[in-house]
Amino acid sequence: MDTIEYFTLLFGGQFMILNVFLLILTFFFISSVLKNNYIRIVFSVLAAIIIDLQITSLYYTQTFINYQFYIHSNTRDILGMINLYYSEIGLLFIFLILFISLFYFSNKLTQATTAYLCRFSFFNKNKYKNITLKSTKILIVGSCIMVMNFDKGVINEALDFYYILQSSTNSNRKGFDSALDQLKMEDYISSENIEATKGKNIIIISLESFEKGYLSEKFADLTPNLRSLKEKWTYNTIKPNEGSSWTSGSLYTCLTGFPAFFGVDGNAIFQTAHHSEISSIGNVFEKAGYKTTFLIENARFSGTQEMLHTFKIDNIIDKELLGGKARDKDLFDRAKLEIQSNVSNKNPFVIFISTVDTHFPDGILDERMKAFVSPKKSDLEFMVSAVDYLVGDFVHFLDKQNLLSNTVVYIFPDHLKMGDPSLFDGTGERGLYLISNAPEKDISVKDRDNLYQIDLAKMILKGALIQNNEKFMTDYLPKKKDLFIQKNVNLLTSVNSSGLMRFYSNKIRDTKDDED
């Protein structure tokens with residue numbers, strides 16, 4: 001692959017790069033007509049920041065700024081991952097300075113261009129040259145705006161993002177029921193009405209960015225254990241859906257079966273939440289008497305801890321509890337201890353393990369894994385192989401402890417790998433998967449060949465043979481599930497937002513009730 005093609009793919013393709021160029025051109029011409037130096041410098045800084053943010057979004061998500069980008073644009077998440085991106089941050093700062101300079105000096109550059117054109121007799125003798133210049137600018141800017149408003153264009157994406165932010169509502173049961181009615185989910189079972197009896201023990205392993213391309217022949221040397229499980233256990237292809245393409249969004253969908261749209265509040269909405277009308281598999285586990293444990297490197301990242309508490313998963317183990325050391329190896333080691341403790345105490349248990357060491361862009365190297373895994377071409381490939389080893393070792397532990405007969409294991413990626421997709425050239429269509437030791441007859445849901453992330457919650461409960469009355473969004477949807485989600489973002493945002501009972505919104509609602 002040549003350098004130009006690689007660069008193009010890295011930033012989402014030719015249309016995305018064209019949009020960035022058109023956005024720069026639009027800001028350049030707007031800035032060039034600003035006469036006041038103070039206004040022009042303010043505009044130049046703001047425009048340069050916008051360009052930098054759009055480039056950042058393209059690099060990480062292959063799309064322009066959207067809800068996924070917004071969710072992670074908070075101080076806590078940025079500081080939590082900043083050590084992985086020092087070189088990218090330095091490059092963005094250089095771009096920022098260059099764009100500020102370009103926009104600020106745009107008037108002088110256009111003047112210099114005009115002076116150059118005046119050297120040609122036709123233009124110099126044209127008495128309407130000022131009108132011609134202004135008309136040309138207007139025509140160029142208008143054409144840029146038109147192209148940027150095409151599907152997936154930067155303006156089109158900005159408008160979609162704006163509509164999502166405008167869709168959040170105050171928490172109230174009336175709004176929740178109304179949104180469900182409009183989605184034709186009138187008989188949805190809210191969390192307080194969940195009934196459940198225990199089935200098998202459950203282990204859920206969510207693999208960071210570990211999409212199905214890693215299980216292809218191309219990466220056979222990296223993933224022997226997962227490829228073996230794919231052949232021995234039940235394997236289903238899972239399609240990514242809108243609203244679940246980042247780690248916390250994937251988790252929310254796994255718990256509730258809904259895509260993670262929350263409007264302007266983002267995941268911060270959980271910081272004041274104390275109860276959810278939305279039913280989750282966490283509610284089922286609680287009603288069925290399971291002891292539930294969630295292991296993750298940093299539970300504070302992207303509102304994860306608050307989300308877990310809201311959905312009745314209270315035993316959370318991360319680096320705070322593990323003394324600042326919570327790499328994937330530590331999480332799997334601790335999971336073994338938790339399982340042994342539950343077995344000794346005869347507790348029905350649910351164990352979640354959320355890995356992180358294969359994180360974009362290059363993985364997070366764990367030197368300790370060199371004792372178990374041979375050297376690879378890159379840190380990312382090494383950590384892919386390391387996580388595959390840890391999964392294989394963990395399954396071997398379960399087998400040795402004679403736990404697999406009464407324990408259902410679910411292994412799936414949280415989302416597609418971010419950034420450059422060329423790594424998966426030759427591996428087929430990109431997508432996700434679910435590997436489980438549950439028999440196909442137990443795990444099967446309707447329309448097996450059209451499974452999305454929103455189907456995972458239902459499949460988890462079915463495969464574990466947990467008797468329950470929970471209904472999921474997927475039970476109500478037509479075959480084109482992702483299209484349904486795209487067309488109903490506003491209503492889904494309303495369900496998610498109004499379904500959460502929050503401290504401040506309760507006070508607002510109580511006041512309104514008193515007034516009524």
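Along the sequence shown, the residues carry numbers beginning at 1. Note that the structure is a prediction, hence the values are computed from the model and not measured.
- The closest side-chain donor-acceptor pair between Lys480 and Asn450, if any, does not fall under 3.5 angstrom.
- In summary, Asp330 and Arg368 engage in a salt bridge, as defined by a charged side-chain N under 4.0 Å from a carboxylate O.
- No hydrogens or angles considered: nothing links the side chains of Asn347 and Tyr290 as a donor-acceptor pair under 3.5 Å.
- Salt-bridge annotation for Glu297 and Arg327: absent, with no side-chain N of the basic residue lying under 4.0 Å from a carboxylate O of the acidic one.
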Under 3.5 Å, which donor-acceptor pairs do the side chains of residues 432-440 form with other protein atoms, sequence neighbours left out?
{"from": "Tyr433", "atom 1": "OH", "to": "Phe210", "atom 2": "O", "distance (Å)": "2.9"}
{"from": "Ser436", "atom 1": "OG", "to": "Val409", "atom 2": "O", "distance (Å)": "2.9"}
{"from": "Ser436", "atom 1": "OG", "to": "Ala438", "atom 2": "N", "distance (Å)": "3.0"}
{"from": "Asn437", "atom 1": "OD1", "to": "Val409", "atom 2": "N", "distance (Å)": "2.7"}
{"from": "Asn437", "atom 1": "ND2", "to": "Leu404", "atom 2": "O", "distance (Å)": "3.4"}
{"from": "Asn437", "atom 1": "ND2", "to": "Thr407", "atom 2": "O", "distance (Å)": "2.9"}
{"from": "Glu440", "atom 1": "OE1", "to": "Arg448", "atom 2": "NE", "distance (Å)": "3.3"}
{"from": "Glu440", "atom 1": "OE1", "to": "Arg448", "atom 2": "NH2", "distance (Å)": "3.3"}
{"from": "Glu440", "atom 1": "OE2", "to": "Arg448", "atom 2": "NE", "distance (Å)": "2.8"}

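- Looking at Ser280 and Asn283, their side chains do bring a donor and an acceptor atom within 3.5 Å of each other.
- Taking the ring centroids of Phe472 and Tyr188, they lie at or beyond the 6.0 Å cut-off.
- Side-chain contact check for Asn225 and Asp388: at least one donor-acceptor pair (N or O, by modelled atom type) lies under 3.5 Å.
- Residues Ser244 and Asn241 have side chains that bring a donor and an acceptor to within less than 3.5 angstrom of each other.
- Using a 4.0 Å cut-off between charged nitrogen and carboxylate oxygen, Asp442 and Lys462 do not count as a salt-bridge pair.
- In this structure, Lys376 forms no cation-pi arrangement with Phe382, as its terminal cationic atom is not both closer than 6.0 Å to the ring centre and no more than 45° off the ring axis.
- Contacts classified as salt bridge (Lys or Arg N to Asp or Glu O under 4.0 Å) and involving residues 284-293 (residues at least two apart or in different chains) are not found.
- In the model, Thr247 has a side-chain atom that pairs as donor or acceptor with a side-chain atom of His415 under 3.5 Å.
- In this structure, a donor-acceptor pair under 3.5 Å is present between the side chains of Ser279 and Glu470.
- Aromatic ring centres of Phe394 and Tyr389: separated by at least 6.0 Å.
- Of the possible donor and acceptor atoms, none in the side chain of Asn406 sits under 3.5 Å from a partner among the backbone N and O of Asn201.
- Residues Phe424 and Tyr214 bring their aromatic ring centres within 6.0 Å.
- Under a 4.0 Å N-O distance rule, the pair Glu338/Arg334 qualifies as a salt bridge.
- We find that Asp366 and Lys329 are not joined by a salt bridge, their nearest charged nitrogen and carboxylate oxygen being 4.0 Å or further apart.
- Each of Ile454, Thr253, Thr256 was evaluated against Met473; a single residue qualifies, Ile454, per the side chain to side chain contact (heavy atoms under 4.5 Å, CB included) test.
- Comment: Asp455 engages Lys481 in a salt bridge, judged by a side-chain N to carboxylate O separation of less than 4.0 angstrom.
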